[in-house]
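This report concerns only the one structure given below.
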Amino acid sequence: MRKKGRLYLVLFIIALLGLIFYWILTSELFERQKPSIQIASKLYWNLRKPIDIKISDNSGIKSYRVTMDDGKNKEVLEQRTFENPPKEVQLSLERPMKLEFPRNRAILHIEVQDKSLWHYFLGNRSVKDIKIIIDTKRPELYLVNNSYSITKGGSALVVFHCSDDNLKEFYVETNFGKKFYAQPFYEEGYYAALIAWPVTQKRFRATLVAYDKAGNRSKVHVPLYLLNKKYRVSKITLKKSFLEGKVALLAEDYPETAKMDSLEKFKFVNETLRERNEKLIHELSSKVPKEMFDTFSIKPFYPLKNGARVASFGDHRYYYYHGKLVSESYHLGLDLASTRAAPVKASNPGDVVFADYNGIYGNMPLISHGLGLYTLYGHCSTLFVKKGDQVERGETIAKTGNTGLALGDHLHFGVLVQGVEVRPKEWMDKKWIKDNITDVLKEAKKIINSR
């Protein structure tokens, strides 16, 4: 009996120890996860903006200590021990006034201890060293040359210099929130960007902006003479035959229109579908090449031989039915017509970024010509190119038609600058191209060579 009692006692002790061990492994008091220190391992700092650090722990933060070493001196920036350990602490570290940063370098040392009883009741500890590069100098940014003017709905060119050892990003900022990006031009540190004034914007202002990795910023205003232009406003009365014909046929491809009446279908096609189609166009035409260029030999665009203008760019259209306004839209291209199924030709070399059906635009090639300049060809009956093709000047890319939201056979010719529709007329004008693009680049080269 004694041996049996001893066996039970041993088994009880083993079970008890197992329970204690299990409790230790699962209890929050013995949590084993180290505190989290959320900050990048390398920072660029301009000494003005505080360094933000987030530390957190599931069991609670018992203490932390933050020091900075500039290679010559060391300073404690912040340290604290908590009576009631929080699970999260946000730190915002200002510039330490005792450090001089003689080498423009520093090490930020962070130590955090949690309140866990793990590690023999000492808790979990995290340590992190952050390499800091001190940079208080703004990026070098200045204008080299630019177009003299820009027309509402039109384009302009800006050439500038931008450099910094820690350069992060740069662009042409506009008053309506659009950022236009630049392509490397001629020599290292020089860039050129096409910019655009959307027809829907009443005002226009362009500013060069550059940031470095430390958050230093440079800004330069682009001096452009603004040419305001009034565009046509059209009041269009919708016909029943159009609503029950072309619009209904186009709406059939979209299940959400199944229970809509004819006016609802028109509103869907003219607004919702148009927005979808134009979103795709804007995304595809927003890219700017990253390769350096030194010439941009663009010829005037004449995509349709003997094409007569049948609708203008910038036309603000209001649609009425039985005297009531039901919808509105902007016509952001130039409609040209000649003969049925007329050949559409590429006026300049380029890369085909899209060649497929696109809702109201029907069969539509979209071609990149470099520097963020794109051309669009809508309502085509037949396409002779596909995505990824390179086209040459004079090559037939499609034939005109009436696919999409088009009643008669014609070509919707559009020009876009970084996703913004612009006046095709400018890019069809040899003198405008020379004055605003070609000569601006030539003069910019002379200025760069003289520096």
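This chain uses plain numbering: 1 for the first residue, then up along the sequence.
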### Task
Test Leu141 against Phe160 for side-chain contact (heavy atoms from CB on, under 4.5 Å), laying out the working first.
CA-CA 7 Å; Leu141 181 68; Phe160 61 95; 3.9 Å; yes
### Message
Evaluate Trp427 against Leu373 for side-chain contact (heavy atoms from CB on, under 4.5 Å), listing each step before the verdict.
### Response
CA-CA 10 Å; Trp427 295 95; Leu373 178 68; 3.7 Å; yes
### Evaluation steps, side-chain contact (heavy atoms from CB on, under 4.5 Å), between Val417 and Trp197
CA-CA 10 Å; Val417 168; Trp197 181 358; over 6 Å; no
### Task
Test side-chain contact (heavy atoms from CB on, under 4.5 Å) on Val159 and Leu441 and set out the steps.
CA-CA 8 Å; Val159 182; Leu441 291 174; 4.0 Å; yes
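Side-chain contact of Ser329 with His331: a donor-acceptor pair under 3.5 Å is absent, judged by distance alone. A donor and an acceptor atom, one from each side chain of Arg232 and Ser234, are located under 3.5 Å apart. No hydrogens or angles considered: a donor-acceptor pair under 3.5 Å links the side chains of Tyr186 and Asn449. With hydrogens and angles left out, the side-chain atoms of Tyr64 and Glu78 include a donor and acceptor closer than 3.5 Å. With no hydrogens or angles considered, no side-chain donor-acceptor pair links His379 and Asn402 at under 3.5 Å. If you check the side chains of Ser338 and Asn306, you find no donor sitting under 3.5 Å from an acceptor. No side-chain donor-acceptor contact under 3.5 Å links Ser327 and Lys267.
A salt bridge links Asp315 with Arg317: the distance from a Lys NZ or Arg NE/NH1/NH2 to an Asp or Glu carboxylate oxygen falls below 4.0 Å. Using a cut-off of 4.0 Å between Lys/Arg side-chain N and Asp/Glu carboxylate O, Arg423 and Glu426 are scored as salt-bridged. No salt bridge links Asp212 with Lys168; every basic N to acidic carboxylate O contact stays at or beyond 4.0 Å. Lys431 and Asp435 are joined by a salt bridge, as a carboxylate oxygen and a charged side-chain nitrogen come within less than 4.0 angstrom of each other. Ion pairing between a basic and an acidic side chain is recognised when a charged N comes within 4.0 Å of a carboxylate O; Glu111 and Arg125 show such pairing. In this structure, Glu88 pairs ionically with Lys54, as a charged nitrogen and a carboxylate oxygen lie closer than 4.0 Å.
Tyr377 contributes no side-chain N or O that, together with a main-chain N or O of His412, makes up a donor-acceptor pair within less than 3.5 Å. In this structure a side-chain-to-backbone donor-acceptor pair under 3.5 Å is missing from Glu283 to Leu280. Checking side-chain atoms of Asp409 against main-chain N and O of Ala341 turns up a donor-acceptor pair under 3.5 Å. No donor-acceptor pair under 3.5 Å is formed between the side chain of Ser285 and the backbone N or O of Gln418. Between the side chain of Asn348 and the backbone N or O of Lys299 there is at least one donor-acceptor pair closer than 3.5 Å. Between the Lys246 side chain and the Ser241 main chain, no donor and acceptor come within less than 3.5 Å of each other. Asp135 places no side-chain N or O within 3.5 Å of a backbone atom of Asn46 that could act as its donor or acceptor partner. Between the Asn146 side chain and the Leu157 main chain, no donor and acceptor come within less than 3.5 Å of each other.
Here the rule is ring pair (Phe, Tyr, Trp, His ring centres under 6.0 Å) with Tyr191, and of Tyr142, Phe170, Phe185 only Phe170 fits it. Residue Ile130 is tested with Ile110, Val66, Ile107 for a side-chain contact (heavy atoms from CB on, under 4.5 Å); the sole match is Ile110. Exactly one residue among Leu416, Leu376, Asn358, Leu366 makes a side-chain contact (heavy atoms from CB on, under 4.5 Å) with Leu284. That residue is Leu366.
A distance of 10.5 Å separates OG1 of Thr295 from NZ of Lys442, quoted to the nearest 0.5 Å. For the atom pair CZ (Arg48) and OG1 (Thr136), the distance works out to 7.0 Å, reported to the nearest 0.5 Å. One finds the CD1 atom of Ile133 at 9.5 Å from the CG atom of Asn104 (value rounded to the nearest 0.5 Å). How far NZ of Lys239 is from CG of Leu407: 9.5 Å, rounded to the nearest 0.5 Å. Here the CG atom belonging to Leu99 is positioned 7.0 Å from the CE atom belonging to Met68, to the nearest 0.5 angstrom. Interatomic distance, Phe204 CZ to Thr151 OG1, rounded to the nearest 0.5 Å: 11.0 Å.
Arg276 CZ: more than 12 foreign heavy atoms inside a 6.0 Å radius. No more than 12 heavy atoms of other residues, nucleotides or ligands sit less than 6.0 Å from atom OH of Tyr148.
Under a cutoff of 6.0 Å and an axis angle of 45°, Lys305 and Tyr302 do not form a cation-pi pair.
In this pair, Tyr254 and Phe268 present their aromatic rings tilted. The plane angle is within the 30 to 60° band. Ring pair Phe413/Phe301 is tilted by interplanar angle, where 30° to 60° counts as tilted.
Side-chain contact between Leu332 and Val199: present, with at least one pair of heavy atoms (C-beta onward) separated by less than 4.5 Å.
Contact between Gln390 and Asp351 at its shortest, heavy atoms only, is CG-OD1, 3.1 Å. When all heavy atoms are compared, the tightest approach of Ser155 to Trp432 is O-CZ2, 3.5 Å.
Tyr374 has its ring centre no less than 6.0 Å from the ring centre of His282. When ring centroids are compared, Tyr171 and Phe180 stay outside the 6.0 Å threshold.
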